[in-house]
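Read through the structure below, which is laid out as structure tokens, and then see the notes.
As the structure lists them, so they are numbered: ligands from 1, and atoms in each ligand from 1.
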Amino acid sequence: MRKKYLLAPGPTPVPETALLAMAQPIIHHRTPQFSEVFRETADLLKYVFQTKQDVLILAASGTGAMEGSIVNLFSPGDEVIVVNGGKFGERWGKISEAYGLKAHWINVEWGKAIDPAAVKAVLDQNPKIKAVLVQASETSTTVAHPIKELAALTKGRDCLLIVDGITGVGVFDLPMDDWGIDVLVSGSQKAFMLPPGLAFVALSEKAWKFQETAKCPRFYFDYKKERKNLKDNTTAYTPAVSLINGLRECLLLIKAEGLQNVFARHDRLARATRAASKALGLKLLAPEAPSNAATGVFVPEGVDGGKLVKYLRDEVGVTMAGGQDHLKGKILRIAHLGYVDTFDIIIAISSIEMALSKFGHKVKFGSGVGAAQEILIEGYK
Ligand SMILES: *Cc1c(COP(=O)(O)O)cnc(C)c1O
């Protein structure tokens, strides 16, 4: 037998209470019983999004709410800035162009965060730009972009800040209303600790105004229609009933732990992972602006990162992620978001030590684990 561990940046492990809630018999969705669960869940989501606005719940993967946010807020020909620092930043650009928007791409070296001054320069030169599209946490490069600083730039302009918070919300502080984030998107299979299949999105008042004049074609992702249904504690189309039962459980766990404690836990696990990587001599992919969702490290010279990830998954039983595009085979991404705690990090680091050793890399067993423990112990009285 090989016990399996899931330490990828989505999907993430699901808590037992949520698994049991999702195993409940299906109830009909147009009933007071389901409406009650839905209402409670939608309220809890506002807590996690740190907003007074409605948080729409869509039956889709996270990309559904990315696409929905383009088609509901813009018209063909509208100009937007795309912060392209990785696969998910690139996705904002591809979706925008698919709907005929004019994208101003700002390319950022993979592993680096966007410099807000670069965004300001493009905004100043192009007053017609209607939005800045960015990731809070660019999962492909394990970078956290400076959202607060970007929000300060869009605030006084007729321009929205649209944030893909799919590995940001529930990981680190992103106070939507306080900072002035106009659109915040997330998905179920990351910090929300659920299986894939739900997308969430909240819009500021400013964003809802854009919605009134947007002309992109849309049907399934119709935010106005969803908001109207949400007021009646339901969804426009059949909701993913089981996932919403699970979501309620996961949100209750987050509420019980307290959002600030959830952020502190992610911060501790991330710092421990970075310290362990350093102790093992593994260079960080994003040393200057690392995301607390996942840590990317370069695999040592002479080690094939693709084979290492496969070995860890199939032989050792620990699923992590490799790199994409030009980082394929070169990096390892260790996720530490969602239903993850101290000993998941110990498993991740010790399995990396053992796998690297098997791959012929000289490793002092326990050196990474020890460095992680020095930080992880902060989590205990
Ligand atoms: C996982 C992820 C997505 C994509 O979400 P899907 O659920 O696969 O559609 C988008 N953005 C970021 C930052 C992600 O981590």
Side-chain angles (χ1 to χ4, degrees), residues 6-14 48-49 55-71 82-96 98 108 110-114 132-147 150 161-172 174 176 181 183-202 220-221 240 243-244 246-247 250 266 270 285-286 289-296 319-325 327 331-340:
L6 182 58
L7 295 170
T12 62
V14 179
V48 178
F49 271 68
V55 183
L56 308 180
I57 305 174
L58 307 167
S61 83
T63 306
M66 291 175 75
E67 176 160 341
S69 300
I70 299 296
V71 300
V82 170
V83 175
N84 175 30
K87 289 307 281 180
F88 295 109
E90 180 185 46
R91 187 168 302 174
W92 273 134
K94 285 184 174 173
I95 298 170
S96 300
V108 182
W110 285 31
K112 295 256 162 64
I114 181 77
V132 176
L133 308 172
V134 67
Q135 273 57 41
S137 163
E138 172 52 80
T139 320
S140 66
T141 64
T142 64
V143 161
H145 288 304
I147 299 304
L150 294 176
L161 178 65
I162 302 192
V163 176
D164 165 359
I166 298 182
T167 54
V169 179
V171 176
F172 50 83
L174 284 172
M176 177 172 169
I181 297 170
V183 177
L184 188 56
V185 170
S186 200
S188 56
Q189 80 276 25
K190 313 266 170 121
F192 286 90
M193 310 181 280
L194 283 171
L198 292 179
F200 316 116
V201 60
Y220 181 68
F221 297 122
L243 287 171
I244 288 170
L247 175 60
C250 290
H266 282 90
L285 169 62
S291 167
N292 283 348
T295 296
T319 298
M320 295 182 225
Q324 293 156 292
D325 288 3
L327 292 179
I331 62 161
L332 181 63
R333 286 177 298 148
I334 310 150
H336 29 71
L337 78 164
Y339 186 52
V340 174

* Would you say ligand 1 has an N or O under 3.5 Å from any N or O of Q135? ->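 Looking only at distances, the answer is no, because the N/O contact criterion of under 3.5 Å is not met.
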
* Can an N or O of G62 be found at a distance shorter than 3.5 Å from an N or O of ligand 1? ->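 Yes, there is a polar N/O contact under 3.5 Å.
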
* Minimal non-hydrogen separation, P9 against R333, with atom names ->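 Scanning both residues completely, I find the closest heavy atoms to be CG-NH1, 3.9 Å.
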
* Side-chain donor-acceptor contact under 3.5 Å, T139 with T167 ->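 Short answer, yes.
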
* Asked: Strictly by modelled atom types, are D164 and Q135 linked by a side-chain donor-acceptor pair under 3.5 Å?
  ->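 Looking only at side-chain atoms, Q135 and D164 do form a donor-acceptor pair, the distance falling under 3.5 Å.
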
* Would you please test I70 and L133 for side chain to side chain contact (heavy atoms under 4.5 Å, CB included) and show each step? => CA-CA 10 Å; I70 299 296; L133 308 172; 4.0 Å; yes

* Once you round to the nearest 0.5 Å, how far does OG1 of T141 lie from CG of D325? ->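 Rounded to the nearest 0.5 Å, the OG1-CG separation comes out at 11.5 Å.
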
* Does R91 reach ligand 1, in the sense of a heavy atom lying below 4.0 Å from it? ->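 It does; at least one heavy atom falls under 4.0 Å.
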
Looking only at protein heavy atoms, which one is nearest to [atom], and what is the separation?
{"atom": "atom 14 (C) of ligand 1", "answer": "K190 NZ, 3.0 Å"}
{"atom": "atom 11 (N) of ligand 1", "answer": "D164 OD2, 2.6 Å"}
{"atom": "atom 3 (C) of ligand 1", "answer": "F88 CE2, 3.2 Å"}
{"atom": "atom 8 (O) of ligand 1", "answer": "Q189 NE2, 3.9 Å"}
{"atom": "atom 6 (P) of ligand 1", "answer": "S61 OG, 3.4 Å"}
{"atom": "atom 15 (O) of ligand 1", "answer": "T139 OG1, 2.5 Å"}

* Is the charged tip of K94 near the ring of F88: under 6.0 Å from the six-membered ring centre and within 45° of its axis? ->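 The answer is no, since K94 fails at least one limit relative to F88.
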
* **Element-labelled atoms of ligand 1 that are located less than 4.0 Å from some non-hydrogen atom of S137** =>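 Within the 4.0 Å cut-off of S137, ligand 1 contributes 13 (C).
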
* **K87 atom NZ, neighbour heavy-atom count above 12 within 6.0 Å** =>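 Atom NZ in K87 is crowded, with more than 12 foreign heavy atoms closer than 6.0 Å.
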
